Amino acid sequence: MIHEILPVCTLRCNCSIIGDETTQEAMVIDPGDDIEEVQELIAQHNLQVKQIVITHAHIDHVGGAMKLRAATGAPILLNQNDYALLKMLDEQAAWLGMRSPGKVEIDRSVTTGETVSAGSHAAQILHTPGHTEGSICLYFAPEKKLLAGDTLFAGSIGRTDLPGGNMKKILSSLHETVMALPDETVVVPGHGELTTIGEERETNPFLVKR
Ligand SMILES: [Zn+2]
């Protein structure tokens, strides 16, 4: 499995490129910005992007999606519970003092029970509301890898004080869905360092059992 992680946008969102070295098919997760650099990596590995998956509709995760779609022809996937938040990109840009990327069009909604693939590498979609209503994680079971968006971070969890955020929901998503994964699962959060489910189970102040 080819897996490149590239921090994009001023907020350093972890954009992932997942590729199959045999079929050269790829998916890009959270292309928030810096699409030229994303495309350079795609070209370096000689990959063909088949889908663009957005973990949630915050500007730093979705801002570059239209540019990448125009360059690759790949559809953009987002859970439908974040469509309302996606309509607020101008407001999000204003809060952060950033330039709005303009309108982002979603080609298809994805939710729990569905999979998204790059060649032979398939990820289960896990709908994990809380950071936003439509937040999803991508779980690659054979590779034991979780792309967690802004639901789980090394030592922390996603903020819930923005529109659509809900502390009760993020805790239930974490306890019932995310922490049900095996300890050895490598977690690629939406920002910052990689971690594992086992490490977070033992040390994350939001998750340790008291
Ligand atoms: Zn976010």
Side-chain angles (χ1 to χ4, degrees), residues 5-18 27-35 38 52-68 76-106 109-112 116 123 125-139 146-175 177-179 187-195 200 204-207:
I5 302 167
L6 174 73
V8 296
C9 158
T10 48
L11 297 174
R12 314 304 286 161
C13 161
N14 285 329
C15 170
S16 275
I17 301 165
I18 302 267
M27 63 174 124
V28 177
I29 298 94
D30 287 352
D33 200 358
D34 303 317
I35 298 307
V38 173
I52 299 163
V53 188
I54 310 299
T55 60
H56 63 288
H58 280 154
I59 189 167
D60 51 326
H61 296 256
V62 72
M66 289 301 272
K67 204 169 163 185
L68 188 60
I76 304 172
L77 316 183
L78 171 79
N79 181 271
Q80 62 185 359
N81 291 290
D82 260 8
Y83 286 6
L85 197 56
L86 192 70
K87 293 209 179 91
M88 298 170 61
L89 280 181
D90 288 351
E91 287 92 330
Q92 292 187 40
W95 298 333
L96 294 162
M98 288 164 62
R99 233 193 2 222
S100 173
K103 194 171 177 289
V104 176
E105 293 161 14
I106 301 304
S109 173
V110 282
T111 192
T112 300
V116 289
I125 300 290
L126 307 173
H127 180 213
T128 51
H131 175 63
T132 66
E133 275 295 325
S135 282
I136 57 166
C137 296
L138 281 75
Y139 178 51
L146 182 78
L147 272 56
D150 285 359
T151 296
L152 178 63
F153 299 118
S156 188
I157 64 172
R159 57 190 291 186
T160 53
D161 57 332
L162 298 171
N166 183 309
M167 181 58 95
K168 228 180 122 179
K169 282 189 185 174
I170 198 170
L171 285 175
S172 114
S173 290
L174 284 161
H175 286 295
T177 306
V178 178
M179 301 316 288
V187 179
V188 182
H191 302 266
E193 296 301 310
L194 272 55
T195 182
E200 296 313 304
N204 191 314
F206 293 89
L207 300 172

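When a ligand or atom number is given, it counts from 1 through the structure's own listing order. Just so we're clear, the structure is a prediction, and the values are computed from it rather than from any experiment.
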Evaluate the side-chain proximity of H56 to D150: yes if any heavy-atom separation is below 4.5 Å, no if none is. yes
With a 4.5 Å cut-off on side-chain heavy atoms, are I5 and L194 touching?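 Touching, per the 4.5 Å side-chain cut-off.
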Using the rule side-chain contact (heavy atoms from CB on, under 4.5 Å), only one of I52, V62, I136, I106 pairs with L78; which is it?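 Result: among I52, V62, I136, I106, I106 is the only option passing the side-chain contact (heavy atoms from CB on, under 4.5 Å) with L78.
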Verify the neighbour count for atom CD of E193: are there more than 12 heavy atoms of other residues, nucleotides or ligands below 6.0 Å?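 For E193, atom CD is not crowded (no more than 12 foreign heavy atoms under 6.0 Å).
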Passes side-chain contact (heavy atoms from CB on, under 4.5 Å), L152 versus L207? Steps please. CA-CA 10 Å; L152 178 63; L207 300 172; 3.8 Å; yes
What is the ring orientation for H61 with H58, classed by angle as parallel under 30°, tilted 30 to 60°, or perpendicular over 60°?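 H61 vs H58 ring planes: tilted.
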Short of 2.8 Å from the Zn ion (ligand 1), name each protein N/O/S atom, waters not counted. H56 NE2, H58 ND1, H131 NE2, D150 OD2
